[in-house]
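Here's the structure, in structure tokens; my notes come after.
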Number of protein chains: 2
Amino acid sequence: MKKKIVRIKDIAEKAQTSKGTVDRVLHNRGRVADDVRERILAIIKELNYEPNLIAQSLKSQRAFNLAALIPDPNLDSYWEAPHAGLEKAEKELRQYGVHISKFIFNSHSESSFIAKAKEVIREHPDGLLIAPIFYKEALPFFKEWADMGIPYVLFNTQIEHVAPLCYIGQDSYRSGSLAAKILRFGLHSPGTVLVAHVNEDISNSAHLITKEDGFRNYFKGEKLDGTFNVISREINFPDEEGPDKQLDEIRAQHPDLGAVYVTNSKAFEVAAYLEKNALKDIKLVGYDLIEHNQHYLNKGIIDFLINQNPLGQGYWGIHQLANHLIFKKEIPAIKFLPLDIITRENLDYYLDPQ
Amino acid sequence: MKKKIVRIKDIAEKAQTSKGTVDRVLHNRGRVADDVRERILAIIKELNYEPNLIAQSLKSQRAFNLAALIPDPNLDSYWEAPHAGLEKAEKELRQYGVHISKFIFNSHSESSFIAKAKEVIREHPDGLLIAPIFYKEALPFFKEWADMGIPYVLFNTQIEHVAPLCYIGQDSYRSGSLAAKILRFGLHSPGTVLVAHVNEDISNSAHLITKEDGFRNYFKGEKLDGTFNVISREINFPDEEGPDKQLDEIRAQHPDLGAVYVTNSKAFEVAAYLEKNALKDIKLVGYDLIEHNQHYLNKGIIDFLINQNPLGQGYWGIHQLANHLIFKKEIPAIKFLPLDIITRENLDYYLDPQ
DNA sequence: TTCGATTGCGTGCTCGAACACTTTTTTAAA
DNA sequence: TTTAAAAAAGTGTTCGAGCACGCAATCGAA
């Protein structure tokens, strides 16, 4: 069986018309007699015509200026990976005329976010990828971008009541349940389990609460809430101090502390404490393959990390924009990335992209 | 900063010659004066010319007939996924003229493998993807294909002393270590750990032994070989019987059996036994997301599965061939796919492809 | 010098889709 | 019936790389 590629010309011939007319039908560009239009549409369906993307993009040669509004990786190394993902996607899509302008803000400064968001508006990109870590500050901009007709993709932080082209990231609830499952598997005897929100402004981070919900409900669902006592704490401290004081206190209150679930990428802070105090039997699960975490994962102090695949988030974010703008594909409103479970033995595979 | 794409014409102009000459230099298609050649090469380097793949493949329009030598998914559902991966890759690459012919053999019959392998030779494909599950029978063909100049990619089963274009699959040794790590995390007290090779001809499956090595060495490396007693057994039985007799026997010998590691996709057989005998405390880890395994994973009888990503193996196998044949990229000799850890809570994400 | 052969190099067509431009047909008004 | 305007349909160029073809210059032999 031969696979024949259907060209516009083939359709034209079969419809006894010219490729120009077929082209007008395909692109709804002006004035074709109704009977001809219908005939052509029927033939398109019949022959199952699919435009040749290669020829298409060779011709169109259009430039797509995408913008990425994303935190500074120098201030929080977590953001290095999304940057890398962006660049990987840009490399692949350069052939199609994609260019990405980065607008980098300070992840600790709302005002820098606002300033950069305004810059984005001035630039008027064809599409936008944004990590909306400042919920309240970001809200007004969504409306503005929508009015300007700039499609935007959110990643890392899911936001309700906003209609992006797509959200890319993890299912926080599931993510919490998964952490619970892992820790429960490793827990040998009844005791206290701590959910630790480390150095994060909870009021601006709904997803951490969602993670906690998922975590707690795992224990409830498994009828284990009698066996294990799940407590949660916000643990905030200046960089130079460490969480020692707070953790000491918690251990004093709950001598049967058996596991800690850190809801963001700061598990290494807790790991340092556990190591210092030789608490080998307290299980520890956290997020993200940043260097500090890898260090304690290799030492066996952090047992498992859940990978949020930040590289993939950047990569797929740009690809979704390209799928929408260039390839005119339908985009799912949510793209959940896998919840990868990482431990010392499979760490390597998740460090470098495919 | 504008990103200017360098064309052959640009090079020609700068070198004060014609695009035909530049083309001859680029493709070593003879007869260019030495001074001109050098001038052109210098300019190509200077301008950092990269051929426009889009235009390239539009023009070349070549057909690439790839062959896939792969077991029948109707006899072992594990093979459904590689088939799906093949098809996904074919869809993506159809634009580039790729067509895949499947040569499907019976995974229980060496002679059917040989027959199909001979068919492949008659077909004379441009490239070949093969799951060499019959080591001895496959060997002579590798040489033949090499002589015919057909590049071949191996997947699923790694074979030494053969020089494929690439091997795609898992690092079996690591995979064993990972299984050990997981089980050890869940083991609460000293006892016996069973490595089970279920219904598989060990003599033709070196990779199962490698898995076992990785598994055992984890316990040795962690200085746990005193605490845990690792034993291994080949458990073979006819389909209609089940492993009950053998497992009963093992439990009689080792009443302290705490965990089972099944080295292939047959964990569900052991799971059925555990369920029947209400052995909730025996931890179980196996491979592959086939339906039977998913069933017991959801019931919580299988604790974790390691995903060999069979879909990805098919997908990347075809892509590696395409990278070599069409895009002339350098191919790594080994592409290890990630060792994904799957449990009930993150199963979904690994079922459907990206 | 003339002819043929070889080497070196330039021209122009091709791929399929996009789109500007031209030509033909239809419709409405004079 | 003529004519202009509007609608419909057709033609031809373009994108960048590949490659066939053919022209021009050079060389060697007669």
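These values consider heavy atoms only, across backbone and side chains, with no hydrogens, waters or symmetry-generated copies. Here is how names work: the chains are called A, B, and so on, in the same order as the sequence lines, proteins then strands, and each is numbered from 1.
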Can you list everything that forms a side chain to side chain contact (heavy atoms under 4.5 Å, CB included) with [X]? Sequence neighbours excluded, please.
X      : result
B/A15  : B/T17, B/R39, B/I40, B/I43
A/K9   : A/R7, A/E13
A/H161 : none
B/E38  : none

**Prompt:** With sequence neighbours left out, what residues match B/F336 under ring pair (Phe, Tyr, Trp, His ring centres under 6.0 Å)?
**Reply:** none
**Message:** So, using ring pair (Phe, Tyr, Trp, His ring centres under 6.0 Å) as the criterion, who are the partners of A/F105 when residues are at least two apart?
**Reply:** A/F113
**Message:** Side chains of A/I104 and A/W79, heavy atoms from C-beta outward: is any pair under 4.5 Å?
**Reply:** no
**Item:** Of all pairs that satisfy side-chain hydrogen bond (donor to acceptor under 3.5 Å, both in side chains), the ones with a partner from residues 139-156 of chain B, not counting sequence neighbours
**Value:** B/Y78-B/N156, B/K143-B/D147
**Complete:** Rounded to 10°, the angle between the first-five-pair and last-five-pair axes of the helix from C/dT1-D/dA30 to C/dA30-D/dT1 is 70°
**Item:** With B/E123 via salt bridge (charged side-chain N to carboxylate O under 4.0 Å, His left out) - residues at least two apart
**Value:** none
**Counterpart residues, salt bridge (charged side-chain N to carboxylate O under 4.0 Å, His left out), relative to A/D171 (two or more places apart)** = none
**Request:** Pick base, sugar-phosphate or nothing for B/T17, based on heavy-atom distances below 4.0 Å to the nucleic acid.
**Result:** sugar-phosphate
**Request:** For each nucleotide in nucleotides 12-21 of chain C, reading 5' to 3', give B when a protein heavy atom comes within less than 4.0 Å of its base, S when such contact involves only the sugar-phosphate, and - otherwise.
**Result:** BBBBBBBB--
**chain A contact limits on DNA chain D, taken 5' to 3' with a cut-off of 4.0 angstrom to heavy atoms** = D/dA7 to D/dG16
